[in-house]
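Below is one structure, written out as C-alpha cells; the observations come after it.
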Protein chains: 2
Amino acid sequence: MAKAHKTIQPPGLERALDRLEHLCRAHGQRLTRQRRAVLSSLLSAGRALSAYELLERLRPEDGKSTPASVYRSLDFLMTLGVVHRLESTRSFIACEHPEAPHWVQFLICRRCGQVVEAEDERIAAATERLGQRLGFALDQRVVELTGVCEGCRENAARH
Amino acid sequence: MAKAHKTIQPPGLERALDRLEHLCRAHGQRLTRQRRAVLSSLLSAGRALSAYELLERLRPEDGKSTPASVYRSLDFLMTLGVVHRLESTRSFIACEHPEAPHWVQFLICRRCGQVVEAEDERIAAATERLGQRLGFALDQRVVELTGVCEGCRENAARH
DNA sequence: GGGTATTTGATACAAAGTATCATTAAAGGG
DNA sequence: CCCTTTAATGATACTTTGTATCAAATACCC
C-alpha cells in the first residue's frame with residue numbers, strides 16, 4: 001500500500017489561502033489569481049514540486065502560465081515565507097509553519113521524496129553562533145538533511 | 001585595497017595534487033589529467049566556481065573539455081571528498097579540510113563571494129540528533145549560511 | 001466604475017546538467 | 001617498454017532550470 005501523502009484538502013487549504021490574503025494586506029502587496037493558484041497547487045500536491053512540475057499542474061486551470069510567471073509567483077510567496085525552496089533538489093514546497101517566521105531545516109527522504117520541515121532550536125542557535133564566531137551577519141540559512149526515512153527503511157528491510 | 005584571495009600556489013597546490021594521487025590509489029581509482037586539472041583549477045581559483053566557469057578556465061590548457069566531462073570530474077572529486085558543491089550558489093569549491101572526512105558547513109558572503117568552510121561540532125551533533133528524532137538515517141547534510149562577512153561590513157560602514 | 005501602478009503574458013534566451021556511444025588513455029602485468 | 005583491459009573522455013545533442021524585456025492586462029484604492 002502506497003504511503004499516504006499529506007495532501008492538504010479544504011478546509012486546510014481554505015485556511016492557508018485566507019492567511020495568504022491577510023499577509024498580502026499586511027505587507028501592502030497584491031494577491032493575484034496566479035499567486036493564489038501557485039500556493040494552492042503546492043499545498044494540494046503535499047510534496048515538493050519543481051517549478052516546471054508546478055507549471056504542468058497550473059496549465060489545466062490556467063493555460064497561459066509561463067515559466068517566468070511561475071518563478072515570479074514563487075519568489076513572491078517565498079518573500080512572504082509561505083513557500084520555501086529546497087536548494088538540494090531544486091524544488092519548492094509550501095511552508096508548514098507559516099505562523100512562525102523562524103529558521104527552518106528540512107529532512108528529505110531520498111527514497112520516497114518526503115520532506116519534513118523542522119524548527120530545531122539547537123541547530124538555529126548553533127548556526128547563529130558559528131556565524132558570529134566567523135564574523136558573518138547571516139541572513140539566510142540553508143539546512144537540508146538528506147537520508148532515508150523510517151518508513152522507507154522498514155520497507156527495504158522486508159525486501 | 002582589495003581583499004587578498006587565498007589562492008593556493010605551489011607548493012600548497014603540489015601537496016594537494018599529491019594527496020589526490022594517494023587518495024586515488026587508496027580507492028583503486030584512476031587519476032586522469034582532467035581530474036588533476038579540475039582540482040588544480042579550483043584550488044588556484046581560490047573561490048567557488050560554477051561548472052561553466054571552471055570549463056572556461058580549463059579550455060586554454062585543454063580545448064576539448066566539455067560540460068559533461070567537467071561534471072564527471074567534479075562528481076568524482078566530490079566522492080573523494082576533495083571538492084564540495086555549494087547548492088545555494090550552484091558552484092563548486094576545493095575542500096579545505098581534506099584530511100578530515102567530516103560533515104562541514106559553509107559560510108558564504110553575498111557581497112564578495114568569499115566562502116568559509118567550517119566544521120562545527122555543535123551543528124554536526126544537532127543535525128544528527130534531529131535526524132534521529134525524526135527517524136531519518138542521514139547520509140548528506142547541506143548547511144550553507146549566507147550573509148555578509150566582516151570585511152564587507154566594514155567596507156560598507158565607511159561608505 | 002475609473003485611474004494607476006503592479007503583475008502578467010509572450011517571446012526569446014541564458015545557464016545548468018545529462019544521455020549516448022565511439023574513441024582514447026590510465027594502470028598493471030609481462 | 002609495450003600490450004591489454006577497463007575505465008574515462010570527446011563529441012554531439014538534448015533536457016531541465018531560470019531570466020530579460022516590453023507590451024497588455026488586472027488588482028487595488030478612491
Side-chain angles (χ1 to χ4, degrees), chain A residues 17-18 20-42 48-80 83-93 113, chain B residues 17-18 20-42 48-80 83-93 113:
Chain A
L17 293 178
D18 283 355
L20 175 59
E21 189 176 339
H22 290 136
L23 269 173
C24 285
R25 301 192 84 85
H27 288 76
Q29 300 289 322
R30 294 184 183 176
L31 177 50
T32 67
R33 197 150 42 90
Q34 189 170 193
R35 289 169 175 178
R36 222 188 326 256
V38 166
L39 179 59
S40 175
S41 209
L42 271 180
L49 297 178
S50 77
Y52 282 77
E53 285 176 329
L54 190 47
L55 186 56
E56 291 293 296
R57 287 167 178 244
L58 293 176
R59 282 250 158 92
E61 297 283 309
D62 180 0
K64 42 204 158 55
S65 292
T66 64
S69 72
V70 168
Y71 277 103
R72 284 183 298 227
S73 293
L74 287 169
D75 287 344
F76 174 81
L77 295 169
M78 285 192 293
T79 68
L80 289 187
V83 164
H84 295 297
R85 156 189 254 131
L86 297 176
E87 298 291 345
S88 51
T89 56
R90 264 139 271 190
S91 62
F92 301 85
I93 192 165
Chain B
L17 294 178
D18 283 355
L20 174 59
E21 190 176 340
H22 290 136
L23 270 173
C24 285
R25 301 192 84 85
H27 287 76
Q29 299 291 321
R30 293 184 185 178
L31 176 50
T32 67
R33 199 149 39 92
Q34 189 170 196
R35 288 169 175 179
R36 222 188 323 254
V38 165
L39 179 58
S40 176
S41 210
L42 271 180
L49 297 178
S50 78
Y52 283 78
E53 286 175 330
L54 190 47
L55 186 56
E56 291 294 294
R57 287 168 178 243
L58 292 176
R59 282 249 157 93
E61 297 282 308
D62 180 359
K64 41 204 158 53
S65 292
T66 64
S69 71
V70 168
Y71 278 103
R72 283 184 299 227
S73 292
L74 287 169
D75 286 345
F76 175 80
L77 294 170
M78 286 193 292
T79 68
L80 289 188
V83 164
H84 295 297
R85 157 190 252 129
L86 297 176
E87 298 291 346
S88 51
T89 56
R90 263 138 273 191
S91 62
F92 301 85
I93 192 166

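None of the values given here were measured: they were computed from a predicted structure.
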- prompt: Do side-chain atoms of Arg35(B) reach the backbone of Arg30(B) as a donor and acceptor pair under 3.5 angstrom?
  reply: yes
Could you measure the distance from the [atom1] atom of [X] to the [atom2] atom of [Y]? Nearest 0.5 Å is fine.
X: Gln34(B); Y: Ser41(B); atom1: CD; atom2: OG; answer: 10.5 Å
X: Ser40(A); Y: Arg33(A); atom1: OG; atom2: CZ; answer: 13.0 Å
X: Tyr71(B); Y: Arg85(B); atom1: OH; atom2: CZ; answer: 7.0 Å

Between [atom2] on [N] and [atom1] on [X], what's the gap in Å once rounded to a whole number?
X: Phe92(B); N: dA15(C); atom1: CZ; atom2: P; value: 16 Å
X: Leu58(B); N: dG10(D); atom1: CG; atom2: C1'; value: 14 Å
X: Asp75(B); N: dT9(D); atom1: CG; atom2: P; value: 11 Å
X: Leu55(B); N: dT18(C); atom1: CG; atom2: P; value: 15 Å
X: His27(A); N: dT7(C); atom1: NE2; atom2: P; value: 14 Å
X: Glu87(A); N: dG17(C); atom1: CD; atom2: C1'; value: 16 Å
X: Leu54(A); N: dG18(D); atom1: CG; atom2: P; value: 12 Å

message: Test of understanding: with side chain to side chain contact (heavy atoms under 4.5 Å, CB included), list the residues that count as partners of His22(A), not counting sequence neighbours.
response: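 Side chain to side chain contact (heavy atoms under 4.5 Å, CB included) check on His22(A) returns nothing, list empty.
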- request: Identify, with sequence neighbours excluded, every residue that meets salt bridge (charged side-chain N to carboxylate O under 4.0 Å, His left out) alongside Glu61(A).
  value: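 Residues passing salt bridge (charged side-chain N to carboxylate O under 4.0 Å, His left out) with Glu61(A): none at all.
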message: Assess the residue pair Leu31(A) and Leu17(A) against the criterion (side-chain contact (heavy atoms from CB on, under 4.5 Å)); give the C-alpha distance rounded to whole Å, side-chain angles, the decisive distance to 0.1 Å, and a yes or no.
response: CA-CA 10 Å; Leu31(A) 177 50; Leu17(A) 293 178; over 6 Å; no
- request: Taking side chain to side chain donor-acceptor pair (under 3.5 Å) as the test, write out the residues that go with Arg90(B), two or more places apart.
  value: Glu87(A)
- line: Quick tally for nucleotides 19-30 of chain C: nucleotides whose base has a protein heavy atom under 4.0 Å get B, sugar-phosphate-only ones S, the rest -, giving BB----BBSS--
field: Intermediate values then yes/no, side-chain contact (heavy atoms from CB on, under 4.5 Å), Arg72(A) and Ser69(A)
entry: CA-CA 5 Å; Arg72(A) 284 183 298 227; Ser69(A) 72; 3.4 Å; yes
Would you list the protein and nucleotides 15-17 of chain D atom pairs, both N or O, that sit under 3.5 Å from each other?
none

query: How sharply is the helix from dG1(C)-dC30(D) to dG30(C)-dC1(D) bent, taking the axes over five pairs at either end and rounding to 10 degrees?
result: 40°
Leu74(B) and Leu54(B), any side-chain heavy atoms less than 4.5 Å apart: yes
message: Go through it in stages, so that I can follow the logic: the residues are Leu77(B) and Leu42(B), the test is side-chain contact (heavy atoms from CB on, under 4.5 Å), and I'd like the CA-CA distance, side-chain angles, deciding distance and then a yes or no.
response: CA-CA 11 Å; Leu77(B) 294 170; Leu42(B) 271 180; 5.7 Å; no
